[in-house]
Structure formats: structure tokens, C-alpha cells
Amino acid sequence: MPWCPKCRNEYIEGITTCVDCGVDLVDELPEEIDPGAPVVLCHVDTEEIAEKLIAYLRYGDLKTAAAIPAENEESGFHLIVAEFEREAAEKMFSRFHSIDEMADMDISELVPDVEKQLKELEAEEASHMFSELRTEASSVYVKKKDKYADLKFSGISFLVFGVIGVGFVIANQLKFINLFNEFSMIIMVIVFVLFIGVGISSLIRAKKLKGIVSEEEKVTNDVMTWIDSNVNDELISSLIDSELSEEDNYFSAHEKLCNMLMEQFPFFSREYADELMDERYNDYCERHSA
């Protein structure tokens with residue numbers, strides 16, 4: 001009896017094409033492959049080589065790559081992946097050689113290419129993480145002045161909309177306008193009263209914060225004066241180690257600069273110190289990378 005090799009449906013004699021898939025029928029179905037079954041990609045001589053190849057495949061988001069001891073008294077290891085990741089693994093290796101070339105070569109010859117690619121991938125990942133960390137570090141602290149302005153603006157906005165809304169409800173109740181039914185008016189009263197409550201609360205918090213703003217500005221001016229007098233290019237240069245990477249130098253120098261600042265101003269915000277020193281270090285890097 002003929003079978004469809006795609007949907008695996010059986011047909012009666014005389015039919016040659018699957019009505020659902022549009023493919024030619026076959027006399028026997030091919031053996032069904034388990035997508036999770038392990039398949040051997042290649043043989044390697046040492047576990048160290050296998051680990052490098054596995055690390056490379058993992059960067060390609062292949063989760064099933066592994067190494068198993070070679071069987072049948074053969075030394076070395078087999079690099080394996082699940083069947084459903086086999087094609088993706090072969091494509092990753094084909095960046096260096098074609099599949100046909102790989103079949104006739106010692107897989108160990110790929111190791112230098114794989115190591116080079118791994119270094120590039122690791123550097124790219126480290127750079128990405130470094131960029132995210134620096135962005136995060138420079139955006140943590142919110143100045144009291146900015147917070148005060150936000151609270152004041154929010155308070156006034158909520159209060160104005162709340163009062164206007166209550167005015168519309170009163171006008172509707174007194175029949176000056178006739179836009180809302182009774183149920184809508186109840187909902188609107190609740191919403192606009194909440195607006196007024198949030199507005200008043202925000203203005204109260206802004207008023208409490210206003211006194212701190214002037215104190216923060218005074219301390220900030222003292223801190224900036226100290227930074228301008230002490231944290232110069234010569235100091236930052238002395239904190240940079242030419243043997244360290246850019247990322248390591250950033251974290252090391254940034255930490256030392258923050259500690260210096262906190263020793264001079266122990267009650268100053270650490271988050272604000274991080275931001276100020278981050279800006280100073282970035283300015284230094286921009287001037288010396290030009």
C-alpha cells in the first residue's frame with residue numbers, strides 16, 4: 001500500500017499523490033527519526049579539544065552538545081548533539097570549512113579557528129555586559145532637585161485635572177450641562193477625588209523635599225569643587241594598569257575614585273558618587289582615545 005512520506009498517511013492502491021501534502025507517495029515509509037536522539041558530529045582525540053568545540057556550539061545556543069568516550073576500543077571522544085540540532089551544529093562548523101572538507105580532515109585542525117572565534121565571541125559578550133553595567137551605574141541616582149520638580153509637576157497636574165473634573169460633575173448635577181448619567185457621575189466623582197488626593201499627596205512630599213534640595217546643592221558644589229581640584233588626568237592615569245583590560249581598568253579605577261570621594265565626604269550618597277566618578281572617568285577616556 002502506498003504511503004505519504006510527509007504526513008505518513010496510508011492510501012489505497014492506484015493513488016500516487018497525497019491529497020493533503022501534494023507529495024508523491026512511496027511504497028514504504030522511511031524509518032522515523034527521534035529528534036531527541038544523539039548523533040555523532042565527529043571524533044576528537046582529547047577531552048580538551050571536545051570542551052572547546054562544545055563551548056563554541058553553546059555560544060550558538062545549542063543546548064545538547066556534549067562529549068562521550070569513543071566506543072569499540074577507539075581512543076578519544078565523540079562530539080554529539082541531539083538530532084534536531086545536528087543541522088545547526090554543522091552550519092556553525094561550516095563557517096570554517098565545508099561539510100565535505102570536514103569529512104576528509106582531522107577535526108583537530110579546526111581547533112585554532114574555533115579558539116579564535118571563541119575569543120571574538122567572548123570579547124563581544126564581555127563588551128556588551130560592560131556597556132550595560134556602565135549604563136546602569138550611571139543612571140541609578142536621581143537628584144533631589146529633579147525629584148522635587150517631578151513631584152511638584154505631578155501634584156499640580158493631578159490637582160488641576162481633579163478640580164476640573166469635579167467642576168464638570170457639579171455642572172452636570174446642577175443641569176448646566178447634561179453629558180453624564182447617574183452611574184457615570186459616581187464613577188467620575190471617585191476618579192477625580194482620587195486625582196485630587198494624589199495631587200495633594202505629591203505636593204506635600206514635594207514640600208518636604210524642597211528643604212533637602214538646597215542642602216544637596218550645597219554639598220554637591222563642595223564635592224564638585226573637590227573633584228575639580230583633585231581628580232585630574234594625572235590621578236586617573238596613575239590608577240590605570242596597562243596590563244589590565246579596559247573593563248578591569250574601569251571597575252578598578254572607578255572603585256578607587258569613589259572610595260577617595262567617600263573618605264572626604266562620608267555622608268555623601270554613594271550612588272551619586274558612582275555617577276559623578278563615572279562621568280569623570282568617561283570624560284578622561286574620551287579625551288585620551290581621540
Side-chain angles (χ1 to χ4, degrees), residues 59 61 116-160 198-290:
Y59 266 105
D61 205 29
K116 181 181 178 182
Q117 185 69 25
L118 271 174
K119 288 180 180 179
E120 293 177 358
L121 290 168
E122 289 169 354
E124 182 180 346
E125 182 180 58
S127 177
H128 180 67
M129 292 176 63
F130 177 51
S131 176
E132 287 184 342
L133 285 170
R134 291 183 67 171
T135 301
E136 181 181 352
S138 62
S139 61
V140 171
Y141 186 77
V142 179
K143 296 179 183 179
K144 299 294 187 295
K145 182 178 181 180
D146 295 336
K147 195 170 183 179
Y148 165 75
D150 289 341
L151 283 172
K152 185 177 179 180
F153 176 79
S154 298
I156 292 174
S157 298
F158 274 105
L159 200 57
V160 168
V198 172
I200 293 173
S201 175
S202 297
L203 290 176
I204 292 174
R205 290 167 60 196
K207 184 177 181 181
K208 292 180 180 179
L209 199 60
K210 186 176 182 180
I212 304 177
V213 171
S214 58
E215 295 179 10
E216 182 190 58
E217 289 182 336
K218 180 181 181 303
V219 174
T220 301
N221 289 335
D222 293 340
V223 170
M224 293 305 300
T225 300
W226 182 87
I227 291 176
D228 291 337
S229 301
N230 296 275
V231 184
N232 49 35
D233 287 0
E234 183 179 356
L235 173 62
I236 297 177
S237 296
S238 68
L239 300 177
I240 294 177
D241 187 343
S242 59
E243 296 183 358
L244 296 178
S245 65
E246 180 186 357
E247 300 96 302
D248 291 338
N249 267 316
Y250 166 76
F251 288 115
S252 175
H254 182 269
E255 181 68 19
K256 291 175 181 177
L257 291 172
C258 288
N259 289 339
M260 291 178 189
L261 176 58
M262 296 308 297
E263 287 178 5
Q264 296 295 320
F265 303 90
F267 298 108
F268 193 65
S269 167
R270 175 70 190 206
E271 290 81 8
Y272 201 0
D274 286 340
E275 179 181 316
L276 293 174
M277 290 310 177
D278 185 75
E279 291 175 356
R280 185 55 57 103
Y281 187 85
N282 285 337
D283 291 342
Y284 168 84
C285 291
E286 290 177 2
R287 288 195 298 272
H288 288 76
S289 63

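A 4.5 Å side-chain heavy-atom check between Asn232 and Tyr284 finds every atom pair outside the cut-off.
The distance from the CZ atom of Phe158 to the CZ atom of Phe153 is 10.0 Å, given to the nearest 0.5 Å. Atom CG of Leu159 sits about 11.5 Å away from atom OG of Ser201, to the nearest 0.5 Å. One distance of note links CE of Met277 with CG of Asn259; it measures 10.0 Å at 0.5 Å rounding. For the atom pair Met260 CE and Asn230 CG, the distance stands at 9.5 Å (nearest 0.5 Å). Interatomic distance, CG of Leu276 versus CG of Leu257, reported as 11.5 Å (0.5 Å rounding). Rounded to the nearest 0.5 angstrom, Lys207 NZ and Leu151 CG are separated by 14.5 Å.
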As a quick check of understanding, evaluate salt bridge (charged side-chain N to carboxylate O under 4.0 Å, His left out) for Arg270 and Asp274, giving each step before the final call.
CA-CA 6 Å; Arg270 175 70 190 206; Asp274 286 340; 3.4 Å; yes
Starting from the C-alpha separation in whole Å, work towards a yes-or-no answer on side-chain contact (heavy atoms from CB on, under 4.5 Å) for Thr220 and Tyr272.
CA-CA 9 Å; Thr220 301; Tyr272 201 0; 3.6 Å; yes
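Salt bridge status for Arg280 with Asp233: absent, with no side-chain N to carboxylate O gap under 4.0 Å. Using a 4.0 Å cut-off between charged nitrogen and carboxylate oxygen, Asp222 and Lys218 count as a salt-bridge pair.
Without hydrogens or angle criteria, Ser252 side chain to Asp248 main chain gives no donor-acceptor distance under 3.5 Å.
Gly155 approaches Ser202 most closely through the heavy-atom pair CA-CB, 3.6 Å. Between Ala273 and Cys258, the closest heavy-atom pair is O-SG, 3.9 Å. Nearest heavy atom pair, residue Asn249 against residue Leu244, reads ND2-O, 3.4 Å. Residue Tyr148 comes nearest to Ala206 through the heavy atom pair CD1-O, 3.1 Å, listed as atom of the first residue, atom of the second, then distance. Taking each heavy atom of Ala253 and Tyr281 in turn, the nearest pair found is CB-CE1, 3.6 Å.
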